[in-house]
Amino acid sequence: MELKSGIAVHNQLPEGYESVRINSGVVFHSDQVADNVNYQGLSYRPQYEDAAYVARRDWRRLTAGEIRALRANGKRNDFNTVYAGDIPDTLKEAFSQMGLAESASRDEVFSKFQGSAEKTRSLSGEIGRFLEPMADGREFKFHCIGINFPNIEMVGCNTTKLPAGFKPPEVKYMGMHNDGTAKMTVRTAHRFGNRISINLGKDARSFLFVNLSMIQVLNMLKREAGIEEKDINIGNISGLFFRHFPGYPVIRIIQKPYQYYIAPTDNCFHDGSTLGNTELDITIVYFGFFKC
């Protein structure tokens, strides 16, 4: 399918459009065999939720027309733009002082945050100075420290239903998804802001997304798939879309260490990937209404 204009990528990418790739859509998870994960003495093949769809691996560079479709023009807001960039040197140094990138496990990452109150206070101040100008005077809040094993094709998962002390092979990944909650509907998902995620690991990682808003997806399902609006909700919209439009392209932005992305993850289908990596994946995530 041809790429439509929708959620755009801001022009000021650290490596320009050389850091962006596009593919030919998604496949049902069982139709694309996941690579093995070999880390910390574990060797296993990641599992997916029953209805998961994953991005095809036929990544290529963008054509000139696709760049035009993705390029941000006109008024851009927190709900219709993906941004990417490098964090300031002062913040990079504050993270470096914590030694997070040298961590080999989740426990080690958290122990470093807890091990030095002085370094943590300094880091918190630098994060605030970085985020405040982008927050447009609105409140932002810490969401999580994300930690993933290397060589996982699609890292999004819900571990809240797993027992304490669960092992990584027990995790089931969601595949391409939206972050909708019970507080929102398909028509209000754009009102809930966006997220900023900073790569704190040693390896580059990837942010994957479909450049269509929830309302664009809703309209495609109604107009082109003949589904009535009453049968579409924030919980089932991703499954319906990928079932009816598996050939719609996925965009991949490569995120190097100490680079960030900002994206409206309630308002678009997305995921992260550590495929091909060998080191622990570490991110820090804040929610807000960020713009660059």
Side-chain angles (χ1 to χ4, degrees), residues 9 13-49 52-62 66 82 84-87 92 95 100-106 108-109 145-157 159 167-177 197-211 242 246 249-261 263 265 269-285:
V9 176
L13 297 168
E15 285 83 33
Y17 286 96
E18 281 301 305
S19 64
V20 183
R21 296 291 184 269
I22 189 171
N23 76 352
S24 63
V26 302
V27 294
F28 194 66
H29 69 93
S30 60
D31 294 330
Q32 181 168 280
V33 178
D35 285 4
N36 260 20
V37 173
N38 297 287
Y39 190 68
Q40 295 181 346
L42 293 172
S43 181
Y44 66 97
R45 197 176 300 280
Q47 303 178 76
Y48 287 94
E49 294 183 1
Y53 286 83
V54 299
R56 293 180 181 271
R57 296 175 184 158
D58 55 349
W59 300 105
R60 60 171 176 81
R61 287 179 167 81
L62 300 166
E66 289 162 346
V82 172
D86 295 295
I87 65 173
K92 187 184 301 186
F95 280 123
L100 301 174
E102 309 304 320
S103 304
S105 69
R106 174 183 294 269
E108 189 175 349
V109 171
I145 302 292
I147 301 168
N148 302 292
F149 270 17
N151 208 39
I152 295 180
E153 191 152 23
M154 313 287 283
V155 301
C157 58
T159 59
K167 303 298 183 184
E170 299 175 64
V171 175
K172 289 194 174 183
Y173 296 93
M174 294 186 286
M176 295 294 293
H177 64 282
S197 177
I198 303 171
N199 180 5
L200 303 180
K202 285 185 176 180
D203 288 335
R205 65 196 311 276
S206 296
F207 173 64
L208 316 179
F209 75 103
V210 172
N211 75 321
F242 292 122
V250 178
I251 303 299
R252 184 181 80 180
I253 297 180
I254 299 167
Q255 184 189 11
K256 293 182 178 180
Y258 295 122
Q259 289 182 343
Y260 66 86
Y261 75 77
T265 52
F269 304 129
H270 66 280
D271 208 328
S273 176
T274 66
L275 190 64
N277 291 1
T278 59
E279 303 286 347
L280 195 69
D281 178 58
I282 309 165
T283 59
I284 188 168
V285 179

| field | Validation row: Glu66, Arg60 side chains within 4.5 angstrom (heavy atoms) | value | yes
| query | Hey, does the side chain of Gln255 reach the backbone of Ser197 with a donor-acceptor pair shorter than 3.5 angstrom? | reply | yes
| task | Work out which heavy atom in Pro257 is nearest to a heavy atom in Gly201; give both atom names and the distance. | result | CB-O, 3.3 Å
| request: Please check if the side chain of Glu153 supplies one atom and the backbone of Ser273 the other of a donor-acceptor pair under 3.5 Å. | output: no
| said: How close do Asp86 and Pro14 get, counting heavy atoms only, and between which atoms? | reply: OD2-CB, 3.6 Å
| said: To the closest 0.5 Å, what do you measure between CG (Asn151) and OH (Tyr39)? | reply: 12.5 Å
| said: Could you work out, with side-chain contact (heavy atoms from CB on, under 4.5 Å) as the rule, every residue matching Thr159, not counting sequence neighbours? | reply: Cys157, Leu162, Phe166, Val171
| query | Residues two or more places apart in sequence or in another chain: which of them pass side-chain hydrogen bond (donor to acceptor under 3.5 Å, both in side chains) with Glu15? | reply | Gln259
| note | Across all chains, not counting sequence neighbours, the ring-ring contact (aromatic ring centres under 6.0 Å, His included) partners of Phe28 are Tyr53
| Student check: side-chain heavy atoms of Leu42 and Pro168 closer than 4.5 Å | yes
| Given side chains that start at C-beta, do those of Ser206 and Leu275 come closer than 4.5 Å, heavy atoms only? | no
| field | salt bridge (Lys or Arg N to Asp or Glu O under 4.0 Å) partners of Glu170, counting only residues at least two apart | value | none
| request: List in chain and number order the residues that pass side-chain hydrogen bond (donor to acceptor under 3.5 Å, both in side chains) with Asn199, two or more places apart in sequence or in another chain; answer none if no residue qualifies. | output: none
| task | To the nearest 0.5 angstrom, please state how far the OG1 atom of Thr278 sits from the CZ atom of Phe149. | result | 13.0 Å
| query | Do you know which two heavy atoms are closest between Pro169 and Gln47, and how far apart they sit? | reply | O-NE2, 2.6 Å
| remark: Across all chains, not counting sequence neighbours, the side-chain contact (heavy atoms from CB on, under 4.5 Å) partners of Pro246 are Val26
| request: Report yes if the side chains of Arg252 and Asn23 come closer than 4.5 Å at any heavy-atom pair, otherwise no. | output: no
| Check: Leu200 and Val109 side chains under 4.5 Å, non-hydrogen atoms | no
| task | Starting at CD1 of Ile282, measure out to OG1 of Thr274 and round the result to the nearest 0.5 Å. | result | 12.0 Å
| message | Before you tell me yes or no, could you show the steps for Arg205 and Tyr261 under side chain to side chain contact (heavy atoms under 4.5 Å, CB included), namely the whole-Å CA-CA distance, both residues' side-chain angles and the distance that decides it to 0.1 Å? | response | CA-CA 11 Å; Arg205 65 196 311 276; Tyr261 75 77; 4.2 Å; yes
| field | Nearest heavy-atom neighbours spanning Tyr260 and Ile198 | value | CB-CG1, 3.9 Å
| field | Any residue meeting salt bridge (Lys or Arg N to Asp or Glu O under 4.0 Å) with Glu49, in chain and number order, not counting sequence neighbours | value | none
| query | Can Asp58 and Ser24 be said to form a side-chain hydrogen bond (donor to acceptor under 3.5 Å, both in side chains), step by step? | reply | CA-CA 7 Å; Asp58 55 349; Ser24 63; 2.5 Å; yes
| message | For residues 16-34, which residue pairs pass the salt bridge (charged side-chain N to carboxylate O under 4.0 Å, His left out) check, not counting sequence neighbours? | response | Glu18-Arg61
| said: List the residues meeting side-chain hydrogen bond (donor to acceptor under 3.5 Å, both in side chains) with Lys202, not counting sequence neighbours, and say none if there are none. | reply: Glu102
| query | Hey, are the side chains of Tyr48 and Gln32 touching, using non-hydrogen atoms and a 4.5 Å cut-off? | reply | no
| query | Of all residues at least two apart in sequence or in a different chain, which pass the salt bridge (Lys or Arg N to Asp or Glu O under 4.0 Å) check with Asp271? | reply | none
| message | Could you check whether any side-chain heavy atom of Val33 comes within less than 4.5 Å of a side-chain heavy atom of Arg45, counting everything from C-beta outward? | response | yes
| field | Ile152 CD1 to Asp281 CG distance, which is reported to the nearest 0.5 Å | value | 8.5 Å
| message | Run the side chain to side chain contact (heavy atoms under 4.5 Å, CB included) test on Phe209 and Val82 for me, step by step, so that the C-alpha distance in whole Å, both residues' side-chain angles and the decisive distance to 0.1 Å come before the verdict. | response | CA-CA 9 Å; Phe209 75 103; Val82 172; 4.0 Å; yes
| Atom NE2 in His270, atom CE in Met154: separation rounded to 0.5 Å? | 9.5 Å
| task | Starting at CG of Asn148, measure out to CG of Asn277 and round the result to the nearest 0.5 Å. | result | 10.0 Å
| field | Contacts of type salt bridge (Lys or Arg N to Asp or Glu O under 4.0 Å), residue Asp35, not counting sequence neighbours | value | Arg57
| task | Only counting residues at least two apart or in another chain, list the ones meeting side-chain hydrogen bond (donor to acceptor under 3.5 Å, both in side chains) with Asn38. | result | Ser43
